[in-house]
Number of protein chains: 2
Amino acid sequence: MCASPPECAGQILETVPLVMLAIRTEMRSHRGSDLSVPQFRVLVYLNRYKGASLSDIAEHMGLTLPSMSKMIDGLVARRLVTRRMAPGDRRRVTLAPTALGKTAMQSAYKATESRLAERLAALPESERRIIFKAMQVLESIFVSGREAKTAIGK
Amino acid sequence: MCASPPECAGQILETVPLVMLAIRTEMRSHRGSDLSVPQFRVLVYLNRYKGASLSDIAEHMGLTLPSMSKMIDGLVARRLVTRRMAPGDRRRVTLAPTALGKTAMQSAYKATESRLAERLAALPESERRIIFKAMQVLESIFVSGREAKTAIGK
DNA sequence: TATTGTTATACTCTATAACTATA
DNA sequence: TATAGTTATAGAGTATAACAATA
């Protein structure tokens, strides 16, 4: 009953795609604000970090600039995000969620959270605490980009 | 410091996509057996459940039959999977990994596992145990399809 | 008629390469 | 010359709708 790094990695490799599938399914099946997980994550980020540039969000998401640019195209076309020239540096772009984007994000968040919560409610509190703690630890070692810098700055 | 179902769900929603990104990046950057995460999961499943049909694997992956059919097309084209008519029911299809498919899967698994293990090695054993346990619990509540039936059969 | 799978079509996600505009 | 972003192109992942073959 040990948990060596490789054993732990193997268990993560088995479980995380399963949970990810559930998240994707819930998020996409939510009629009214049908967002993909990447779209949702972009909106959350832009809501948290005002005035983010394309490079900022691309780094956060772990995507290339062209991929990110195209994703933003879609969000702009759906009126969920605005894209403006940055004051002071005309190469840069300033991204922000619209009011519609914020409500879509919140709606998707609540719906997905509550679906996941239903499953978690079947567990004893002790096991939920283990999951909660595990997620915090995982976040700390898998985080990248702006959050990491922000955390250092705290 | 409680962990209500919604709080726990929120933390999962924040962390799991991050870990998934790391897994995808490691898996895809592994030259020699460049597999996507879905492709990898299909190979693992077919290796575990001999003689699986398209419906079996589609249910396991949480995908529609057309999506699965197309994914298998790609794996067959790359000589990683064989697709034969099932004996006894000519509508069904019997899928199996080729020798090449098995080595690609094992190679991708080892490479990804060891990259994740590197990150996990930075943690104290106690935290790895929490992660390990959390993954087991999550797997139990997010599992679906054939594994669930198998587990019941145990 | 119900089940298993494929084909047609379309949209999102993602990448690399080549390009434009600004600094 | 270096940086920020876009356009062009391509392939994988996913879905729905329509279809074919078998049971």
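Since the model is a prediction, treat every value here as computed from it, not as a measurement. A, B, ... follow the sequence lines: proteins, then strands. Residue 1 opens every chain.
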Asks: Using a cut-off of under 3.5 Å, enumerate the N/O to N/O pairs linking the protein to nucleotides 9-16 of chain D.
Replies:
| from | atom 1 | to | atom 2 | distance (Å) |
| --- | --- | --- | --- | --- |
| dA10(D) | N6 | Lys70(A) | NZ | 3.2 |
| dG13(D) | OP1 | Ser36(B) | OG | 2.1 |
| dT14(D) | OP1 | Arg24(A) | NH1 | 3.4 |
| dT14(D) | O4 | Lys70(B) | NZ | 2.7 |
| dA15(D) | OP2 | Thr64(B) | N | 3.1 |
| dA15(D) | OP2 | Thr64(B) | OG1 | 3.2 |
| dA15(D) | OP2 | Ser67(B) | OG | 2.9 |
| dA15(D) | N7 | Ser67(B) | OG | 3.2 |

Asks: Of the non-hydrogen atoms in Asp34(B) and Arg78(B), which two are nearest, and what is the gap between them?
Replies: O-NH2, 3.2 Å
Asks: Of all heavy-atom pairs between Leu35(B) and Ala108(B), which one has the smallest distance, and what is that distance?
Replies: CD1-CB, 4.0 Å
Asks: Mind calculating the distance between CD (Glu59(B)) and C1' (dT4(C)) to the nearest angstrom?
Replies: 14 Å
Asks: Might you confirm whether atom CZ of Arg28(A) has over 12 heavy atoms from other residues, nucleotides or ligands at distances under 6.0 Å?
Replies: no
Asks: Would you mind reading off the distance between Leu95(A) atom CG and dG5(D) atom C1', rounded to a whole angstrom?
Replies: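 One finds 11 Å between C1' of dG5(D) and CG of Leu95(A), rounded.
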Asks: For the atom pair CG (Leu63(A)) and CD1 (Ile57(A)), what is the distance rounded to the nearest 0.5 Å?
Replies: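 Reported to 0.5 Å precision, the distance equals 8.5 Å.
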Asks: Closest approach of Leu120(A) and Pro5(B), non-hydrogen atoms and distance?
Replies: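 It is CD1-O, 3.7 Å.
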Asks: Would you find a donor on one side and an acceptor on the other, under 3.5 Å apart, between the side chain of Ser69(A) and the backbone of Leu65(A)?
Replies: no
Asks: The criterion is side-chain contact (heavy atoms from CB on, under 4.5 Å); which residues satisfy it with Lys102(A), sequence neighbours excluded?
Replies: Asn47(A), Lys50(A), Pro97(A)
Asks: dT7(D) C1' sits how many Å from Leu54(A) CG, rounded?
Replies: 13 Å
Asks: Is there a continuous path of hydrophobic side-chain contacts, each under 4.5 Å between heavy atoms, that joins Val76(A) to Leu46(A)?
Replies: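 Yes; Leu46(A) is reachable from Val76(A) via cluster members.
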Asks: In degrees rounded to 10°, what angle is found between the helical axes fit to the five outermost pairs at each end of the helix from dT1(C)-dA23(D) to dA23(C)-dT1(D)?
Replies: 10°
Asks: Please give, in whole Å, the distance from dC11(C) P to Leu35(A) CG?
Replies: 17 Å
Asks: Check whether any side-chain heavy atom of Val37(B) sits under 4.5 Å from a side-chain heavy atom of Met20(B), and report yes or no.
Replies: yes
Asks: Rounded to whole Å, how long is the line connecting atom CZ of Arg84(A) with atom P of dA4(D)?
Replies: 19 Å
Asks: Hey, is Glu125(B) close enough to Arg128(B) for a salt bridge, meaning N to O under 4.0 Å?
Replies: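 A salt bridge links Glu125(B) with Arg128(B).
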Asks: Looking at Ser69(A), I'd like to know whether one of its side-chain N or O atoms comes within less than 4.0 Å of OP1 or OP2 on dT7(D).
Replies: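 For dT7(D), neither OP1 nor OP2 has a side-chain N or O of Ser69(A) closer than 4.0 Å.
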Asks: List the atom pairs, donor and acceptor, that lie under 3.5 Å between side-chain atoms in residues 81-94 of chain B and the rest of the protein, sequence neighbours left out.
Replies:
| from | atom 1 | to | atom 2 | distance (Å) |
| --- | --- | --- | --- | --- |
| Thr82(B) | OG1 | Ala96(B) | O | 3.3 |
| Arg83(B) | NH1 | Asp73(B) | OD1 | 3.0 |
| Arg83(B) | NH2 | Asp73(B) | OD1 | 3.0 |
| Asp89(B) | OD1 | Arg91(B) | N | 3.1 |
| Asp89(B) | OD1 | Arg91(B) | NE | 3.2 |
| Asp89(B) | OD2 | Arg91(B) | NH2 | 3.2 |

Asks: Identify the pairs formed between an N or O of the protein and an N or O of nucleotides 21-23 of chain D at a distance under 3.5 Å, and give each distance.
Replies:
| from | atom 1 | to | atom 2 | distance (Å) |
| --- | --- | --- | --- | --- |
| dA23(D) | OP1 | Arg90(B) | N | 2.8 |

Asks: Sub-3.5 Å donor-acceptor pair from the side chain of Ser29(A) to the main-chain atoms of Glu26(A), do we have one?
Replies: yes
Asks: Name every residue in residues 102-113 of chain A that has at least one heavy atom under 4.0 Å from any atom of DNA chain C, in order of residue number, or write none if there are no such residues.
Replies: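 The answer is none.
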Asks: Give the rounded distance in Å between these two atoms: CE of Met27(B) and P of dA15(C).
Replies: 15 Å
Asks: Quick one: pull up CG in Leu75(A) and OG in Ser36(A) and give me the separation to the nearest 0.5 Å.
Replies: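 Leu75(A) atom CG to Ser36(A) atom OG measures 7.5 Å (nearest 0.5 Å).
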